[in-house]
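For reference, the structure discussed in these notes is given below.
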Amino acid sequence: MNEQLKLGLPKGSLQEATLALFKKAGWNVSVSGRSYFPDINDDTMTCALCRAQEMALNVENGTLDVGLTGRDWIAEYQSDVHVVTDLVYSKVSAKPARWVVAVAYDSPVQTLEDLQGKTVSTELVGVTKRFFADKGIDVKVKFSWGATEAKVVSGLADAIVEITETESTIKAHGLRVIHELMQTNTQLIANRVVWEDPAKREKIEEMAMLLKGALVAGKLVGLKMNVSKEDVENVVNLLPSLHAPTVAHLYQSDWLSVETVVDSGTVRDLIPKLLKEGAEGIIEYPLNKVINK
């Protein structure tokens, strides 16, 4: 690859989660002070921080070769970019975020049709306008510069369209959700001309593979333990795995070493069961990447 790949990383709420993901994937990105151009331990790439709202536009026009942004912001500007892969992570959880329509808790509005002729405040103006137009509901959509949840309480809007992961902020502002407009998650996107460059495309595909591997690993842990020959079948039968667990003889011993990968959500209940079946010296360890073909 003759030219460096120009990578855009989202600045703002997704920044820390994205940097952590890249670190697990093998790239150390160092952000210093107010600089918008972080250092990265890869001579084939340069980095720039960019608001997620602007990322797709900058990738589309070639300012950036590849970047990470939400499916919502690609839809907002109807950007003509190549979607390389979905990367389902967010600032709080590993679940897709949702754009929802919300009103005051004591509002008489119960359905979308009840918003006919009313005002909706949102940052996602384009998507919201198209959504209500498709449903034949005439609303006035106003752009929100922030603190969108407060717009209903302050009387500036009858409803809002806002992004949420847990609904905790929406409920804290005395609002209730009446409709889910769309789900969104982070996507790795590439400029269409760059995607046709074989060398850059290979680099982007490798990046996608490693980032997805890091996300998969975040949901798994490794388990290693010692088990006697008499107990090994009972122990192995308890172990869910990507494939069969690895079983190896210990040096000059009748005991066996058993190693596997399991869902991190199950390990709390699994370890006591393994102990009851004769496993000893159980070690749990985190994983950085799990790569499947």
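These numbers come from the heavy atoms of this one structure, side chains and all, not from hydrogens, waters or symmetry mates. Since we're looking at a predicted model, the values are computed, not measured.
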For Gln110 and Ser107, the nearest pair of non-hydrogen atoms, with its separation, is NE2-O, 3.8 Å
Under 3.5 Å: donor-acceptor pair, side chain of Glu113, backbone of Ile137: no
Answer yes or no: does atom NZ of Lys224 have more than 12 heavy-atom neighbours from other residues, nucleotides or ligands under 6.0 Å? no
How long is the gap from CG on Asp65 to CD1 on Ile204, to the nearest 0.5 Å? 6.5 Å
Charged N-O contact under 4.0 Å between Arg201 and Glu205: yes
From NZ (Lys203) to CD (Gln4), nearest 0.5 Å: 10.5 Å
How long is the span from the CG atom in Asn58 to the CZ atom in Arg51, to the nearest 0.5 Å? 13.0 Å
Is there a side-chain contact (heavy atoms from CB on, under 4.5 Å) between Leu112 and Lys135 once you walk through the steps? CA-CA 9 Å; Leu112 293 174; Lys135 292 189 173 295; 3.8 Å; yes
Backbone of Pro245 reached by a side-chain donor or acceptor of Thr260 within 3.5 Å: no
Distance in Å, Asp106 CG paired with Arg176 CZ, rounded so as to fall on 0.5 Å steps: 8.0 Å
Are Ile282 and Val247 in one and the same hydrophobic cluster, where Ile, Leu, Val, Met, Phe, Trp and Tyr link if side-chain heavy atoms are under 4.5 Å apart? yes
Exam field: side chain Asn185 to backbone Pro96, donor-acceptor pair closer than 3.5 Å: no
Does any part of the side chain of Thr69, heavy atoms only, come nearer than 4.5 Å to the side chain of Gln187, both counted from C-beta? no
So Phe131 and Val120, do their side chains get closer than 4.5 Å, heavy atoms only? no
Within 45° cone and under 6.0 Å: Lys11 NZ/CZ vs Tyr36 ring: yes
Pair up each side-chain donor or acceptor in residues 231-240 with any protein partner under 3.5 Å, not counting sequence neighbours, and list the distances.
{"from": "Asp231", "atom 1": "OD2", "to": "Ser228", "atom 2": "OG", "distance (Å)": "3.1"}
{"from": "Asn237", "atom 1": "ND2", "to": "Glu233", "atom 2": "O", "distance (Å)": "3.1"}

Quick one: sort the Trp99 and Trp73 rings into parallel, tilted or perpendicular, breaks at 30° and 60°. perpendicular
Would a single hydrophobic cluster contain both Leu7 and Ile189, if residues Ile, Leu, Val, Met, Phe, Trp and Tyr are joined by side-chain heavy-atom contacts under 4.5 Å? no
Does a side-chain heavy-atom distance below 4.5 Å link Leu220 with Val262? no
Compare every heavy atom of Ile40 with every heavy atom of Met45, then report the nearest pair and how far apart it is. CE-CD1, 3.5 Å
Between the main-chain N or O of Asn28 and the side-chain N or O of Asn41, is there a donor-acceptor pair closer than 3.5 Å? yes
Stepwise side-chain contact (heavy atoms from CB on, under 4.5 Å) test for Ser121 and Thr148: CA-CA 7 Å; Ser121 181; Thr148 306; 4.3 Å; yes
Can you name the closest pair of heavy atoms from Ile291 and Gly213 and give their distance? CD1-CA, 3.7 Å
Using only atom types and a distance under 3.5 Å, with no angle test, would you say the side chain of Thr119 pairs donor to acceptor with the backbone of Ala157? no
Salt bridge Glu167-Arg98, side-chain N to carboxylate O under 4.0 Å: yes
Interatomic spacing from CD1 in Ile160 to NZ in Lys142 - rounded to 0.5 Å: 13.5 Å
Can you confirm whether more than 12 heavy atoms, excluding those of Lys24, are under 6.0 Å from its NZ atom? yes
Can you tell me if Ser144 and Lys151 form a side-chain donor-acceptor pair at under 3.5 Å? yes
How about Asn226 and Glu280: does a side-chain donor come under 3.5 Å of a side-chain acceptor? no
For the residue pair Val81 and Ala56, what are the closest heavy atoms and their distance? CG1-O, 3.7 Å
Taking all non-hydrogen atoms of both residues, which atom of Leu49 and which atom of Val31 are closest, and how far apart? CD1-CG1, 4.0 Å
Do the non-hydrogen side-chain atoms of Ile163 and Thr184 ever get within less than 4.5 Å of each other? yes
Assigning hydrophobic clusters by single linkage (Ile, Leu, Val, Met, Phe, Trp, Tyr; side-chain heavy-atom cutoff under 4.5 Å), is Trp145 placed with Leu124? yes
d(Leu87 CG, Arg71 CZ) to nearest 0.5 Å is 13.5 Å
Does the side chain of Val84 come within less than 4.5 Å of Trp195's, by heavy atoms? yes
With no hydrogens and no angle check, just 3.5 Å: does a side-chain donor-acceptor pair link Gln53 and Glu123? yes
Hey, are the side chains of Leu223 and Tyr285 touching, using non-hydrogen atoms and a 4.5 Å cut-off? no
For Ala199, does its backbone N or O pair with a side-chain atom of Asp197 as donor and acceptor, under 3.5 Å? yes
Determine whether Leu68 and Leu210 fall in the same hydrophobic cluster, where Ile, Leu, Val, Met, Phe, Trp and Tyr are linked whenever their side-chain heavy atoms lie under 4.5 Å apart. yes
Flag if over 12 foreign heavy atoms under 6.0 Å of CZ, Phe143: yes
OH of Tyr251: more than 12 outside heavy atoms within 6.0 angstrom? no
Heavy-atom donor-acceptor pair, Glu60 side chain to Asp80 backbone, under 3.5 Å: yes
Please tell me if the side chains of Ile283 and Met225 come closer than 4.5 Å, counting only heavy atoms from C-beta onward. no
Asp269 atom CG: more than 12 heavy-atom contacts under 6.0 Å: yes
Report the C-alpha separation of Ile178 and Thr111 in whole Å, then their side-chain angles, then the decisive distance to 0.1 Å, and conclude whether the side-chain contact (heavy atoms from CB on, under 4.5 Å) test is met. CA-CA 6 Å; Ile178 64 168; Thr111 67; over 6 Å; no
How far apart are the closest heavy atoms of Asn191 and Val59, and which atoms are they? ND2-O, 2.8 Å
Would you say the side chains of Asp39 and Ser30 form a donor-acceptor pair under 3.5 Å? no
Regarding Asp263 and Lys219, does a basic nitrogen lie under 4.0 Å from an acidic carboxylate oxygen? no
side-chain contact (heavy atoms from CB on, under 4.5 Å) evaluation trace for Lys212 with Thr85: CA-CA 9 Å; Lys212 290 182 74 172; Thr85 190; 3.2 Å; yes
Leu175 versus Val152: any side-chain heavy-atom pair under 4.5 Å? yes
Crowded around Lys118 NZ? As in, over 12 foreign heavy atoms under 6.0 Å? no
Under 6.0 Å between ring centres: does that hold for Tyr105 and His173? no
Between Val29 and Met207, is there shared hydrophobic-cluster membership here, with clusters defined by ILVMFWY side-chain heavy atoms closer than 4.5 Å? yes
